[in-house]
Amino acid sequence: MAQQRMLQFVTVDKEMPEKRPPNLRAHDFHEIYRDYAAEKAAQQAGRCSQCGVPYCQTHCPLHNNIPDWLRLTAEGRLQEAYELSQATNTFPEICGRICPQDRLCEGNCVIEKAGHGTVTIGAVEKYLTDTAWEQGWVKPIKPHAERTESVGIIGAGPGGLAAADVLRRQGVQVTVYDRYDRAGGLMTYGIPGFKLEKPVVKQRIDQLEAGGVQVVLNCRVGEDLTFDAIRGQHDAVLIATGVYKARDIAAPGVGAKGVVAALDYLTASNRNGFGDEVPAFDSGELNASGKRVVVIGGGDTAMDCVRTAVRQGATSVKCLYRRDRANMPGSQREVQNAEEEGVEFVWLTAPRGFAGGEAVEGVMVQRMRLGLPDATGRQVPEVIEGADYIEPADLVITALGFEPEDLPTLWGVPELGVTRWGTIKADFRTHATSLPGVYAAGDIVRGASLVVWAIRDGRDAAEAILSYIAHTGAVAAE
Ligand SMILES: Cc1cc2nc3c(=O)[nH]c(=O)nc-3n(C[C@H](O)[C@H](O)[C@H](O)COP(=O)(O)OP(=O)(O)OC[C@H]3O[C@@H](n4cnc5c(N)ncnc54)[C@H](O)[C@@H]3O)c2cc1C
Ligand code: SF4
C-alpha cells in the first residue's frame, strides 16, 4: 500500500514543479495533490514564514492555530500537528477540502499577499487529517465520566454534529434528530461528491455514533415528533436545521417539465452516487445526460450544478447570470473550474419566462445592463428592452438561493423569535434563542453560509449549552 502511494507521488512529482508558479491557483494545486505526499506537505508547510502576524489564523472562522501546525508538519511531527489542528476543528479533513480558502485563510497568507503564492493551508490540513485516519489517530469519543443531562439536536448537518461532538466529549447524553435517511446535512446531499467524497463524511458520523451520539434518522420534527416533545425529553435543545426553501422565479412557464430546483437536482445526483434507487434520476427528469442544460444563478450552488451536469454528460451547459463576472456572488475559483470544464457563462442575462408546452424547450432570455448603485452600493441590473432571445434547453436548473422554512408555524411555537428574513433570532455569542434552554446554530441563524461557520456556531452553542445545563442542574439541586 505504502509502495503504491509512493508510486502515485512519483507520478504527481513528475508533473509538479518544485514551486507553485503564480498562474497555478491554489485550488488546482489542491486537486493535483489529491494524494498529497508527506514530503510535499512538509515542503508546503515549510514555506510558512512564521510571520508573527497570523492573518491566516484570524481569517479562519475557527481561528485554527495554522502557523504552529504548519511548523510541526514541516518538522515531520505529524501526529502532534494533527492533534493541534483538530483541537479547534471538528471536521478538519472536510474544511481542508471545501472551505473557500481563497476568501479565508489562504487569501490572507502574507506570502500570498507578497505575490509568491499562498501556502496551501487547506491541502495540508486535509493531508494531516487523512493521514490521522489512516494511522488510526482518530479515535471514538471516550468521555471521562457520563453525565445524566441530555441534549436534543435537531439537524445532523455540520452545525448539529459539531455541537454533538463537543457535548459528548463532556459526557452529555446527545440525541441528534434528522428528517433524512442519512446524517451529514448538505455535506451529504447538497455538496457534490467530486468536491467532498461521501465516505469522508460517513467516517465522521460513524465516529460520533461509536462515541455514543444517538442519531435518529427519518424523523421530521414538526411531523414525526413535535418540537415540544423534544423539549420535554431533553435538558436543552439545539436547532440546526439549515435553510432549504428554494427562492422561486415568478415567470411564465416555470412549472413546465424540465424546469427543476438546484437542490432537487443535486440531491438526486448524490443519491444516485450512493447507489440509491432514484426514479427521477433514472427517468431523466433530474439527470443532465444528453441534454442541453441551462443553469440560472451565479452562486456556488449554481457552480455545483453546472459542474455536475458536465460530469453527467450534458451535451452543452450554459449558466445565465443577471450581473457580470466581477459582480457574481460565487467563488471566482469555481467559475474558472467550470469554464475549464466547458461551461459557458452568459453574463448580464435573466429569464423572462420558459418556452415550450408541457415540457420546457428553452429559456426566454432578457439581456441586462448594470445601472446605478442601490443603497448597498451594488449596481442594479436593468433590462435592455427589445433584446430578448430564446436559449434552447432541455433541462433548466434554477439556483437562486435558499430561504429558511417558517419554523415557528411549522412547529407550532409562535414564541420562537425570528428575524425579518425568517432566520432564527439567536444571541450572537451564546446562540440562545427567545425560548429558555433552546439554542440555534448554523444556516438557520446566519442564512445560507459555509460549513466552517456552521462548525464554529455548533461548537460555540455547545459551550453555552454546557454552562446552561450546569447552571440549571445546580439550581435544581438547591
Ligand atoms: C449545493 C451546495 C454546495 C455547497 N458547497 C459548499 C462548499 O463547498 N463549502 C462550504 O463551506 N459550504 C458549502 N455550502 C454551504 C454549507 O453546506 C452549509 O452552509 C452548511 O451545510 C450549513 O450547515 P447546517 O448544519 O447549518 O445545515 P445543513 O447542512 O443544511 O443541515 C441541516 C440538517 O437539518 C435537517 N433538518 C431540517 N429540518 C428538519 C426537521 N424539521 N426535522 C429534522 N431534521 C431537519 C436537514 O435534513 C439537514 O440534515 C454549500 C451549500 C449548498 C446548498
Ligand atoms: S478551517 Fe477552512 S479557513 Fe480554517 S484553516 Fe482550515 S481551510 Fe482554512
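Counting convention: from 1, in listed order, for ligands and their atoms alike. Small disclaimer: the values here were computed from a predicted structure and weren't measured. We count residues from 1, following the sequence as given.
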Inset, instruction - Report yes or no: is the cationic atom of Arg311 (NZ for Lys, CZ for Arg) under 6.0 Å from the centre of the six-membered ring of Phe194, at an angle within 45° of the ring normal? - result: yes
Inset, instruction - Could you list all the salt bridge (Lys or Arg N to Asp or Glu O under 4.0 Å) pairs where at least one residue sits in residues 63-82, not counting sequence neighbours? - result: Asp68-Arg71, Arg71-Glu75, Glu75-Arg77, Arg77-Glu80
Legend entry - Lys/Arg cation over aromatic Phe281: Arg271, 6.0 Å, 45° cone: no
Legend entry - Metal environment of atom 6 (Fe) of ligand 2, protein N/O/S under 2.8 Å: Glu125 OE1
Inset, instruction - Could you tell me whether Arg307 and Asp300 make a salt bridge, using a distance below 4.0 angstrom between a side-chain N and a carboxylate O? - result: no
Inset, instruction - Look at the rings of Tyr244 and Tyr180 and say which category their plane angle falls in: under 30° parallel, 30 to 60° tilted, over 60° perpendicular. - result: perpendicular
Inventory of protein N or O atoms under 3.5 Å from ligand 1 N or O:
| residue | atom | partner | partner atom | Å |
| --- | --- | --- | --- | --- |
| ligand 1 | 8 (O) | Lys195 | NZ | 3.0 |
| ligand 1 | 9 (N) | Ile98 | O | 2.9 |
| ligand 1 | 11 (O) | Val451 | N | 3.0 |
| ligand 1 | 12 (N) | Val451 | N | 3.4 |
| ligand 1 | 19 (O) | Asp443 | OD1 | 3.0 |
| ligand 1 | 19 (O) | Asp443 | OD2 | 3.1 |
| ligand 1 | 19 (O) | Ser449 | O | 3.1 |
| ligand 1 | 19 (O) | Leu450 | N | 3.3 |
| ligand 1 | 25 (O) | Pro158 | N | 3.4 |
| ligand 1 | 25 (O) | Gly159 | N | 2.9 |
| ligand 1 | 26 (O) | Asp443 | N | 2.9 |
| ligand 1 | 29 (O) | Leu186 | N | 3.0 |
| ligand 1 | 30 (O) | Tyr244 | OH | 2.6 |
| ligand 1 | 41 (N) | Val221 | O | 3.1 |
| ligand 1 | 42 (N) | Val221 | N | 2.9 |
| ligand 1 | 44 (N) | Arg179 | N | 3.1 |
| ligand 1 | 47 (O) | Asp178 | OD1 | 2.8 |
| ligand 1 | 47 (O) | Arg179 | NE | 3.3 |
| ligand 1 | 49 (O) | Asp178 | OD1 | 3.2 |
| ligand 1 | 49 (O) | Asp178 | OD2 | 2.6 |

Legend entry - Lys195: partners by salt bridge (Lys or Arg N to Asp or Glu O under 4.0 Å), with sequence neighbours left out: Asp304
Legend entry - Distance flag, aromatic centroids of Phe345 and Tyr321, threshold under 6.0 Å: no
Inset, instruction - Please say whether more than 12 non-hydrogen atoms of neighbouring residues, nucleotides or ligands are located less than 6.0 Å from CD in Glu277. - result: no
Legend entry - Salt bridge Asp224-Arg220, side-chain N to carboxylate O under 4.0 Å: no
